[in-house]
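Below is one structure, written out as structure tokens, with a few remarks after it.
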Amino acid sequence: MFRIAISRLADDGWRIVPERRETAMTVDEALRAVEKYLPTVDTSEIDGDVVQRSVNRVNDFRRDVSTADGDRYRVVIAPMM
């Protein structure tokens, strides 16, 4: 199982405001949850293999992304222990 945290980056990234938390059974399910919550974010550089390698290596995956209207978010996917 994986936990997903999506936070809005405010004040040029100096402040992180939690927006959404949920869980997923697989990496693919976690990515679908991110795409559902942030539909205008370009997720082409985030794929299941990249997330899985990051989780295996450093215990979580973190990526700052931007929406089409310029809002910035931090996406974190980590295994539940």
Side-chain angles (χ1 to χ4, degrees):
M1 286 188 73
F2 296 88
R3 56 189 163 87
I4 307 156
I6 301 172
S7 303
R8 180 184 300 272
L9 298 177
D11 300 330
D12 291 328
W14 288 98
R15 193 165 52 113
I16 298 172
V17 181
E19 292 266 324
R20 177 113 177 145
R21 290 187 180 150
E22 62 183 272
T23 60
M25 294 298 289
T26 65
V27 169
D28 290 335
E29 187 179 316
L31 293 174
R32 283 192 300 272
V34 170
E35 290 171 352
K36 182 178 177 183
Y37 187 73
L38 300 171
T40 63
V41 167
D42 178 18
T43 57
S44 62
E45 59 187 56
I46 303 174
D47 71 6
D49 292 336
V50 170
V51 173
Q52 190 65 59
R53 280 193 305 272
S54 181
V55 166
N56 290 347
R57 192 175 62 249
V58 294
N59 205 32
D60 70 3
F61 170 84
R62 293 171 189 253
R63 181 72 44 103
D64 292 350
V65 296
S66 297
T67 61
D69 58 358
D71 291 332
R72 293 179 50 217
Y73 292 87
R74 175 162 295 155
V75 174
V76 179
I77 301 172
M80 293 182 72
M81 305 258 175

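In this text the structure is predicted, and so the values were computed from the model without any measurement.
Using a 3.5 Å distance cut-off with no hydrogens or angles, the side chains of Asp28 and Thr26 do not pair a donor with an acceptor. Donor-acceptor pairing under 3.5 Å is recorded for the side chains of Tyr73 and Arg8. Counting only N and O atoms by type, the side chains of Tyr37 and Glu19 include a donor and acceptor under 3.5 Å apart.
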Quick one: do Phe2 and Gln52 satisfy side-chain contact (heavy atoms from CB on, under 4.5 Å)? Show the steps, please. CA-CA 11 Å; Phe2 296 88; Gln52 190 65 59; 4.1 Å; yes
Go through Asp60 and Ile77 one step at a time and tell me if the side-chain contact (heavy atoms from CB on, under 4.5 Å) criterion holds. CA-CA 6 Å; Asp60 70 3; Ile77 301 172; over 6 Å; no
Take Arg63 and Val50, measure what side-chain contact (heavy atoms from CB on, under 4.5 Å) needs, and give me the verdict at the end. CA-CA 11 Å; Arg63 181 72 44 103; Val50 170; 4.2 Å; yes
Kindly determine whether Val75 and Leu38 satisfy side-chain contact (heavy atoms from CB on, under 4.5 Å), including the steps that lead there. CA-CA 10 Å; Val75 174; Leu38 300 171; 4.3 Å; yes
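With rounding to the nearest 0.5 Å, the separation of CG in Leu9 from CD1 in Ile16 is 6.0 Å. For the atom pair CZ (Phe61) and CG (Leu31), the distance works out to 7.5 Å, reported to the nearest 0.5 Å. Rounding to the nearest 0.5 Å places OG1 of Thr23 at 4.0 Å from CE of Met1.
The minimum heavy-atom distance linking Glu22 with Ala33 is given by the pair OE1-CB, 3.5 Å. In terms of heavy-atom proximity, Ala30 sits nearest to Ala24 at N-CB, 3.5 Å. Taking both residues in full, the closest heavy atoms of Pro18 and Ser7 are given as CA-OG, 3.6 Å, listed atom of the first, atom of the second, then distance.
Cluster annotation: Val55 and Ile6 are assigned to the same hydrophobic cluster (Ile/Leu/Val/Met/Phe/Trp/Tyr, side-chain heavy-atom contacts under 4.5 Å, transitive). The same ILVMFWY cluster, assembled from side-chain heavy atoms under 4.5 Å apart, contains both Ile46 and Ile4. One hydrophobic cluster, built from ILVMFWY side chains closer than 4.5 Å, holds both Met80 and Met25.
No donor-acceptor distance shorter than 3.5 angstrom exists from the side chain of Ser66 to the backbone of Gly70, with no hydrogens or angles considered.
Counting heavy atoms of neighbouring residues, nucleotides and ligands inside a 6.0 Å radius, atom CG of Asp12 does not exceed 12 of them.
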